[in-house]
Amino acid sequence: WLNFREIKSNIVSITIRNQNYQLERNTDLDFYKEILLFMVSKGYEIVVIPDTANFFDVDFVRDWPKCIIFPEASTNVLLRAAIYQLSSINIFPPGGASALAHANKKCKSVTVLQHFQGSLFATMEHWKSKGYPVGKNFPFLNDQQVVLWNPTSQDIKDNLVKILSRDGLE
């Protein structure tokens with residue numbers, strides 16, 4: 001797939017949530033566009049993994065530079081696992097399928113969790129009730145996998161650079 005798409009540089013993957021329920025949990029495309037523009041300026045290619053439920057609804061990427069859509073990874077867990085491992089780093093907005101990357105210690109990732117007042121699942125109270133260490137990284141992750149709680153776009157960029165710099169990447 002990488003050869004077919006002529007992907008030659010390092011990859012940043014982003015997994016999108018685009019559901020027809022709990023709309024507040026969908027990926028804030030404008031917020032992540034800024035982060036992806038930053039990564040493109042560093043020489044990375046962006047691979048977008050659309051939501052499984054709407055994997056052909058990808059009109060939003062017309063505004064995103066240097067994005068390559070990988071809808072096959074939305075419906076094939078083996079392809080999804082492979083692109084997560086091959087990527088220099090993975091970005092998981094709220095609702096992204098981060099567990100697959102978290103289970104693979106070779107995957108680098110920044111996972112964003114946000115509090116959405118009124119949501120059934122995306123609240124600090126819910127996470128606390130399930131035993132999540134709110135405000136901290138998950139104990140089962142390594143130093144190349146980080147969870148950020150209600151971060152700014154600058155927090156995300158700083159963590160991307162920090163993780164990538166460990167391998168000599170910028």
Side-chain angles (χ1 to χ4, degrees), residues 1-19 25-29 31-40 42-58 60-61 64-114 121-122 127 132 136-149 151 153 155-170:
W1 186 85
L2 295 174
N3 289 334
F4 177 75
R5 295 291 185 157
E6 298 180 1
I7 297 174
K8 307 266 188 263
S9 62
N10 293 323
I11 298 169
V12 172
S13 83
I14 183 167
T15 303
I16 303 298
R17 183 187 195 279
N18 180 22
Q19 293 284 335
R25 294 179 55 214
N26 283 349
T27 303
D28 181 343
L29 301 175
F31 179 82
Y32 286 95
K33 180 181 176 182
E34 174 190 338
I35 295 161
L36 297 177
L37 283 168
F38 171 76
M39 296 309 291
V40 167
K42 299 278 188 192
Y44 290 88
E45 292 201 53
I46 308 302
V47 172
V48 177
I49 302 165
D51 195 297
T52 302
N54 294 305
F55 64 93
F56 286 118
D57 183 10
V58 292
F60 62 87
V61 296
W64 287 8
K66 268 190 124 174
C67 286
I68 300 158
I69 311 300
F70 195 7
E72 298 88 345
S74 296
T75 58
N76 184 316
V77 72
L78 297 176
L79 289 175
R80 186 182 291 240
I83 197 66
Y84 288 164
Q85 185 168 327
L86 292 171
S87 294
S88 297
I89 198 159
N90 303 280
I91 301 171
F92 297 104
S98 59
L100 190 57
H102 290 169
N104 182 343
K105 298 306 179 196
K106 294 179 182 178
C107 293
K108 298 177 187 116
S109 63
V110 172
T111 301
V112 175
L113 294 179
Q114 291 174 297
F121 304 107
W127 291 317
Y132 287 97
K136 299 178 184 167
N137 210 25
F138 296 160
F140 54 84
L141 299 180
N142 64 36
D143 65 345
Q144 299 185 97
Q145 300 170 323
V146 64
V147 172
L148 302 176
W149 299 83
S153 61
D155 293 334
I156 296 170
K157 290 186 240 180
D158 290 347
N159 276 274
L160 290 167
V161 169
K162 181 179 174 183
I163 292 169
L164 290 169
S165 67
R166 292 182 185 139
D167 288 337
L169 300 171
E170 187 177 323

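Count residues from 1 along the sequence. Since the structure is predicted, the reported quantities are computational estimates derived from the model, not experimental observations.
- Checked by atom type and distance alone, the side chain of Q145 pairs as donor or acceptor with a backbone atom of N104 at under 3.5 Å.
- Using a 4.5 Å heavy-atom threshold, the side chains of N18 and P50 count as separate.
- Between D143 and I163, the shortest heavy-atom distance links the atoms O-CG1, 4.3 Å.
- By the 4.5 Å heavy-atom criterion applied to side chains, T27 and D51 are not counted as neighbours.
- Atom-to-atom distance recorded for I46:CD1 and I7:CD1 is 10.5 Å, nearest 0.5 angstrom.
- A 4.5 Å side-chain heavy-atom check between K105 and Q144 finds every atom pair outside the cut-off.
- Rounded to the nearest 0.5 Å, atoms CG (N76) and CZ (F70) are 8.0 Å apart.
- The main-chain N or O of A82 is never found under 3.5 Å from a side-chain atom of Q85 such that the two would form a donor-acceptor pair.
- Between C107 and N90, the closest side-chain pair of non-hydrogen atoms falls below 4.5 Å.
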- request: Go through V48 and Y32 one step at a time and tell me if the side-chain contact (heavy atoms from CB on, under 4.5 Å) criterion holds.
  value: CA-CA 11 Å; V48 177; Y32 286 95; over 6 Å; no
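- In this structure, the side chains of T111 and F138 stay at 4.5 Å or more apart for every pair of heavy atoms.
- The neighbour count for F38 CZ, taken as heavy atoms of other residues, nucleotides or ligands under 6.0 Å away, is above 12.
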- request: Please report the C-alpha distance between R25 and Q19 in whole Å, then the side-chain angles of each, then the deciding distance to 0.1 Å, and finally whether the side-chain contact (heavy atoms from CB on, under 4.5 Å) criterion is met.
  value: CA-CA 8 Å; R25 294 179 55 214; Q19 293 284 335; over 6 Å; no
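- For the pair K42/L164, no side-chain contact is recorded, criterion being any heavy-atom separation below 4.5 Å from C-beta on.
- Side-chain N/O atoms of S109 and Y84 include no donor and acceptor closer than 3.5 Å.
- For the pair I14 and M39, the minimum side-chain heavy-atom distance is 4.5 Å or more.
- Rounding to the nearest 0.5 Å gives a distance of 9.5 Å between CG of L2 and CD of E45.
- To the nearest 0.5 Å, atoms CD1 (I49) and OG1 (T75) are separated by 11.0 Å.
- Taking CD1 of I16 as the reference point, atom CG of D28 lies at 10.5 Å (rounded to 0.5 Å).
- Across E34 and S153, no two heavy atoms sit closer than the pair OE2-OG, 3.0 Å.
- Nearest approach of P151 to F31, heavy atoms of both residues: O-CZ, 3.8 Å.
- Minimum heavy-atom separation, K157 to I35: CG-CG1, 4.4 Å.
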field: Residues L79, W1; criterion side-chain contact (heavy atoms from CB on, under 4.5 Å); working and verdict
entry: CA-CA 9 Å; L79 289 175; W1 186 85; 5.9 Å; no
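- Annotation: side chain of H102 is in contact with side chain of L141 (closest heavy-atom distance under 4.5 Å).
- Closest non-hydrogen pair, A81 versus L100, comes out as N-CD2, 3.7 Å.
- Between R80 and A97, the shortest heavy-atom distance links the atoms NH1-CB, 3.2 Å.
- Listed for the N137 side chain is a donor-acceptor partner under 3.5 Å among the backbone atoms of V147.
- Remark: I83 CD1 to I11 CD1 distance equals 4.0 Å, nearest 0.5 Å.
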